[in-house]
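Step one of this worksheet: look at the structure below.
Order of the sequence lines fixes the chain letters, A, B, ..., with proteins taken first and strands second; residue numbering starts at 1 for each chain.
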There are 2 protein chains.
Amino acid sequence: MTAFDITRYLPYLVNRTGVRIATAFGDVLREHGVTLPMWRVLAALDHADGQRISDLAAMTSIDVSTLSRILDAMQEKGFVERRRGGGDARVVTVHETAAGLALTRRIIPSARHYEDVALRGFSAEEAAALKAMLERVYRNVAALEDQTAPEGETKAA
Amino acid sequence: MTAFDITRYLPYLVNRTGVRIATAFGDVLREHGVTLPMWRVLAALDHADGQRISDLAAMTSIDVSTLSRILDAMQEKGFVERRRGGGDARVVTVHETAAGLALTRRIIPSARHYEDVALRGFSAEEAAALKAMLERVYRNVAALEDQTAPEGETKAA
DNA sequence: TTGCAATATTTGTAATTGCAATATATTCGC
DNA sequence: GCGAATATATTGCAATTACAAATATTGCAA
């Protein structure tokens, strides 16, 4: 059997890339007064405002309990607000405030720039191919989890 | 300007893929009695035994202070040992023990299987292309950091 | 050679994280 | 329509994490 070469091991490559991007962009975000998880929430809400907490957790890849506390902090800062009362009284929906939206708008250019840097030297086709492949990997792993734990979703649907 | 679509944003795609893989493989690792960070250390040592702690931190994308404590735990469990005394008395090198090596050998098949699952439906060429692109992204971001903080490496060289 | 900046690791410490338990609301079986 | 199982969110809590400070060693320059 061939030797195990970590430097060509996909989980390794994905992880180190993710950590690199996260720590580097985290520095940028600090100047805006938000943490990386907070930015993820803002970006997710920018995509679809008024999401329920569990959906927001799935979209941001943040554990619901962790997210709940992050939302406390963001609410404290006035970036989001929680609302109850739409039909099902169990669900809480999260909404961007005007301040949150303004902040998101300020961050987006940096986020775009950051992606440009990450994709420096990539053609549009290559970038699209990379993204499509990451989505395929994500779905492959998600499918495995659903198969392993068939009843009631293990985590992040 | 075009709207910001998080679902096609590279950092988002990389992060969610990494988190998915990490949580899923973490479950597998628990059965072997190790955590994900510990596995990363074992895999890094399998690649090159006797690395210094700072190099190990760079390779595993774990902060040195965090790594120092992870090594405490791994040493406690008898998987690795620290050695001092090779020339520079400041540096500590980390070495896999026989037990650590045996554990690594047991985990590797699962790790391989896991990558196969993640890459299900990928041709060999596609998989190679994905890995190569992830490396390019990593280098792009690393280059940005070195440029931002030219003196003495901000983090993980 | 002495002193001082740089390097390598560890330790202090506060914040973050995630699992488990809880509280509340809903739905399904009967 | 009642009660058990399910769903949603929050909270308790111990472990993990990361930044900063401390410690130890080295190398260089005066």
Is B:Val141 reachable from A:Leu13 through a run of hydrophobic residues whose side-chain heavy atoms are each under 4.5 Å from the next?
yes
Interatomic distance where CG belongs to A:Asp63 and C1' belongs to D:dT10 [whole Å]:
12 Å
Nucleotide C:dT9, atom P - distance to CD of B:Gln75 in whole Å:
13 Å
Could A:Arg30 and A:Asp27 be called an ion pair, given the rule that one side-chain N must be under 4.0 Å from one carboxylate O?
yes
Can you tell me the distance, in whole Å, between the CG atom of A:Leu71 and the C1' atom of D:dT10?
11 Å
Return no unless some side-chain N or O of A:Arg52 is found under 4.0 Å from OP1 or OP2 of D:dA9.
no
Within the modelled atom types, does a donor on one side and an acceptor on the other bring the side chain of A:Arg90 and the base of C:dT24 under 3.5 Å apart?
no
What's B:Gly26 touching, base or sugar-phosphate or nothing? Going by heavy atoms closer than 4.0 Å.
nothing
Can you tell me if A:Thr66 touches the phosphate of C:dT17, counting only side-chain N or O atoms and a distance under 4.0 Å to OP1 or OP2?
no
Where the side chain of B:Pro37 is defined as all heavy atoms beyond and including C-beta, which of D:dA9, C:dT9, D:dT17 is the nearest nucleotide?
D:dT17
Please give, in whole Å, the distance from D:dT11 P to A:Ile70 CD1?
15 Å
Do A:Arg40 and B:Tyr12 meet the cation-pi criteria used here (NZ or CZ under 6.0 Å from the six-membered ring centre, within 45° of the axis)?
no
Specify the separation, in whole Å, of atom CD1 of B:Ile62 and atom P of C:dT9.
14 Å
Rounded distance (Å) that lies between atom P of C:dA8 and atom CG of B:Leu67
14 Å
Based on the rotation axes of five pairs at each end, what angle does the helix from C:dT1-D:dA30 to C:dC30-D:dG1 bend through, to 10°?
20°
Using 30° and 60° as the class limits, which term best fits the ring planes of B:Phe4 and A:Trp39: parallel, tilted or perpendicular?
tilted
Taking only the side-chain nitrogens and oxygens of A:Arg84, find out if one of them lies under 4.0 Å from OP1 or OP2 of C:dA25.
no
Can A:Val41 be reached from A:Leu101 by stepping across I, L, V, M, F, W or Y side chains whose heavy atoms are under 4.5 Å apart?
no
Donor + acceptor pair across side chains of B:His95, B:Arg83 (<3.5 Å):
yes
Where the side chain of A:Ile53 is concerned, which of C:dT9, D:dA9, D:dT17 is the nearest nucleotide?
D:dA9
Ranking B:Asp88 and A:Arg69 by the position along DNA chain D of their nearest nucleotide, the one closer to 5' is A:Arg69
Parallel, tilted or perpendicular: rings of B:Phe25 and B:Tyr114 (30°, 60°):
tilted
Closest of C:dT26, D:dT10, D:dA18 to the B:Ser65 side chain is D:dA18
Expressed in angstrom and rounded to an integer, what is the separation of B:Leu36 atom CG from D:dA15 atom C1'?
15 Å
Whole Å only: how far is the CZ atom of A:Arg40 from the P atom of C:dT16?
14 Å
Nearest to the side chain of A:Ala89 - D:dT8, C:dT26, D:dT11?
C:dT26
So does B:Ser54 get a side-chain nitrogen or oxygen closer than 4.0 Å to the phosphate oxygens (OP1/OP2) of C:dT9?
yes
Is the closest side-chain donor-acceptor distance between A:Gln51 and A:Thr93 under 3.5 Å?
no
